[in-house]
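One structure is given here, and the rest of the page talks about it.
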Amino acid sequence: MTTFAPDSLALNRKLPLWYQVSQSLRASILGRSPEAPLRLPTEDALAAHYGVSVLTMRQALKELEEEGLISRHRRRGTFIEPHARRGAPVRLLGSVDAIVAQQSGMRTVLLEHGPVAVPAELAEYFPDLAEVAGFRRLRSDEATDEPTNHARNYVRPDVAARIDLADLERWPMTKVLRDAVGIRIGRITDTVEARLADPETARLLHVPLLSPILHYTGITYDESGRVLDIALIHYRGDRFSFTVTLDAH
C-alpha cells in the first residue's frame with residue numbers, strides 16, 4: 001500500500017527533537033493534497049526519514065494522536081484522520097515548522113494580490129522600498145467552511161516575483177518562501193495581541209462587530225537580516241489559542 005510522504009526537516013539541536021518532528025509532520029499532514037495517501041510510513045521508516053530515534057518518533061506521533069490528526073492501529077499501522085478538526089491550540093517553541101503548522105490545514109482563498117504602497121506602520125522594515133507585493137487571503141475550516149482567519153502579507157517585490165499563486169492557495173506563506181521559492185529563512189519574530197474586530201474583519205470572519213479577535217504579526221527575515229515578508233493575520237478568538245514556551249538555557 002502506498003504511504004504518505006512527509007516533508008524533510010532540518011533539525012535544530014537546541015529544541016526538543018520530538019517537538020520539531022511532530023510540528024513538521026503536522027504541517028505535512030495539514031498541507032497535503034486531497035489525493036495523498038492516508039497511511040503513514042512505519043515508525044522505523046519515519047524515524048529514518050527525520051534522522052531521529054524510534055523513541056523520539058513515537059513521542060512525536062503520540063502528540064499528533066492526542067491532537068486527533070492521526071489514529072494508530074495495532075498491526076494495521078498509522079493513518080491520517082481525514083476529517084480531523086484543524087483549530088487546535090498552537091504551541092510555539094521557536095521552530096519555523098511550528099509557524100508552518102500553525103498556518104496550515106485550512107481551505108485558502110486568495111482574495112487579491114498586487115503592488116501596494118508600504119503601509120506607514122511597516123515602513124521601518126522596508127526602508128529601501130516605496131512599494132511591496134500585497135497578498136490578501138481568507139482561510140476557512142475544510143469541514144464546516146467556517147471562516148477562521150484573514151491574512152495580509154507584505155512581501156519584497158523581488159521575492160514575490162518568484163511565488164506561484166497556486167502555492168498560496170495550498171500552503172502558508174512561510175512554507176512557500178522556504179520550500180517553493182527556496183529562501184533560507186533566518187528567523188521569524190511573532191507578536192500576538194488581543195484586538196476588537198473592525199467592520200471588514202467582522203464581515204470576513206462572520207463574527208459580531210467589536211468582538212474579540214487574535215491579531216498576529218509575523219516578521220520573516222532572511223539569513224542576512226533583511227525583512228522578506230510581514231504577515232498580519234486576524235484569527236477568530238473562539239477558534240485559536242497560543243501557548244509560548246521559552247527555553248531558560
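For reference, positions follow the sequence shown, starting with 1. Note that the structure is a prediction, hence the values are computed from the model and not measured.
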Salt-bridge present ([X], [Y]; N to O < 4.0 Å):
X: Asp128; Y: Arg156; result: yes
X: Lys175; Y: Asp7; result: yes
X: Arg187; Y: Asp222; result: no

Test item: [X] side-chain N/O and [Y] main-chain N/O as donor-acceptor pair under 3.5 Å:
X: Arg203; Y: Glu200; answer: no
X: Arg136; Y: His150; answer: no
X: Ser140; Y: Arg107; answer: no
X: Arg178; Y: Ile183; answer: no
X: Ser28; Y: Ser24; answer: yes

Over all atoms of both residues, closest heavy-atom pair of [X] and [Y]:
X: Pro208; Y: Ala197; result: O-CB, 4.0 Å
X: Met173; Y: Ile163; result: SD-CD1, 3.8 Å
X: Leu138; Y: Pro147; result: CD1-CB, 4.4 Å
X: Leu209; Y: Asp198; result: CD1-C, 3.6 Å
X: Pro6; Y: Leu46; result: CG-CD2, 3.9 Å
X: Gly225; Y: Tyr221; result: O-CD2, 3.2 Å

Hphob cluster co-occupancy, [X] + [Y], side-chain heavy atoms under 4.5 angstrom:
X: Val207; Y: Leu196; result: no
X: Leu165; Y: Val116; result: no
X: Phe135; Y: Val227; result: no
X: Val54; Y: Leu64; result: no
X: Val109; Y: Leu205; result: yes

Rounded to the nearest 0.5 Å, how far does [atom2] of [Y] lie from [atom1] of [X]?
X: Ser53; Y: Glu43; atom1: OG; atom2: CD; value: 10.5 Å
X: Asn149; Y: Tyr235; atom1: CG; atom2: OH; value: 5.0 Å
X: Arg152; Y: Arg137; atom1: CZ; atom2: CZ; value: 12.5 Å
X: Tyr19; Y: Glu63; atom1: OH; atom2: CD; value: 9.0 Å
X: Leu129; Y: Leu122; atom1: CG; atom2: CG; value: 12.0 Å
X: Trp18; Y: Lys62; atom1: CH2; atom2: NZ; value: 10.0 Å

Do [X] and [Y] touch side chain to side chain, with heavy atoms closer than 4.5 Å?
X: Leu25; Y: Leu61; answer: yes
X: Tyr216; Y: Thr191; answer: no
X: Arg32; Y: Phe4; answer: yes
X: Thr78; Y: Ser71; answer: no
X: Val192; Y: His215; answer: no
X: Thr201; Y: Ile213; answer: yes
X: Ile230; Y: Thr220; answer: no
X: Asp190; Y: Thr217; answer: no

* Is the closest side-chain donor-acceptor distance between Asp229 and Tyr154 under 3.5 Å? ->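 Distance-only check fails for Asp229 and Tyr154.
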
* **No-hydrogen, no-angle side-chain donor-acceptor test under 3.5 Å, Thr108 and Glu169** =>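 The answer is no; no qualifying pair exists.
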
* Can you name the one residue among Thr42, Val21, Asp44 that meets side chain to side chain contact (heavy atoms under 4.5 Å, CB included) with Met57? -> Val21

* To do: Give me the one residue out of Val176, Val155, Asp164 that meets side chain to side chain contact (heavy atoms under 4.5 Å, CB included) with Val181.
  =>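 When Val176, Val155, Asp164 are each tested with Val181, the side chain to side chain contact (heavy atoms under 4.5 Å, CB included) holds only for Val176.
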
* Worked verdict on Thr3 versus Leu40 for side chain to side chain contact (heavy atoms under 4.5 Å, CB included) -> CA-CA 5 Å; Thr3 58; Leu40 289 179; over 6 Å; no

* Asked: Does the salt bridge (Lys or Arg N to Asp or Glu O under 4.0 Å) test come out yes or no for Glu146 and Arg236, once each step is laid out?
  -> CA-CA 10 Å; Glu146 179 182 58; Arg236 283 182 55 148; 3.5 Å; yes

* Can Thr2 and Arg39 be said to form a side chain to side chain contact (heavy atoms under 4.5 Å, CB included), step by step? -> CA-CA 7 Å; Thr2 303; Arg39 184 188 181 100; over 6 Å; no

* Kindly determine whether Arg139 and Ile233 satisfy side chain to side chain contact (heavy atoms under 4.5 Å, CB included), including the steps that lead there. => CA-CA 10 Å; Arg139 299 190 183 98; Ile233 308 177; 4.2 Å; yes

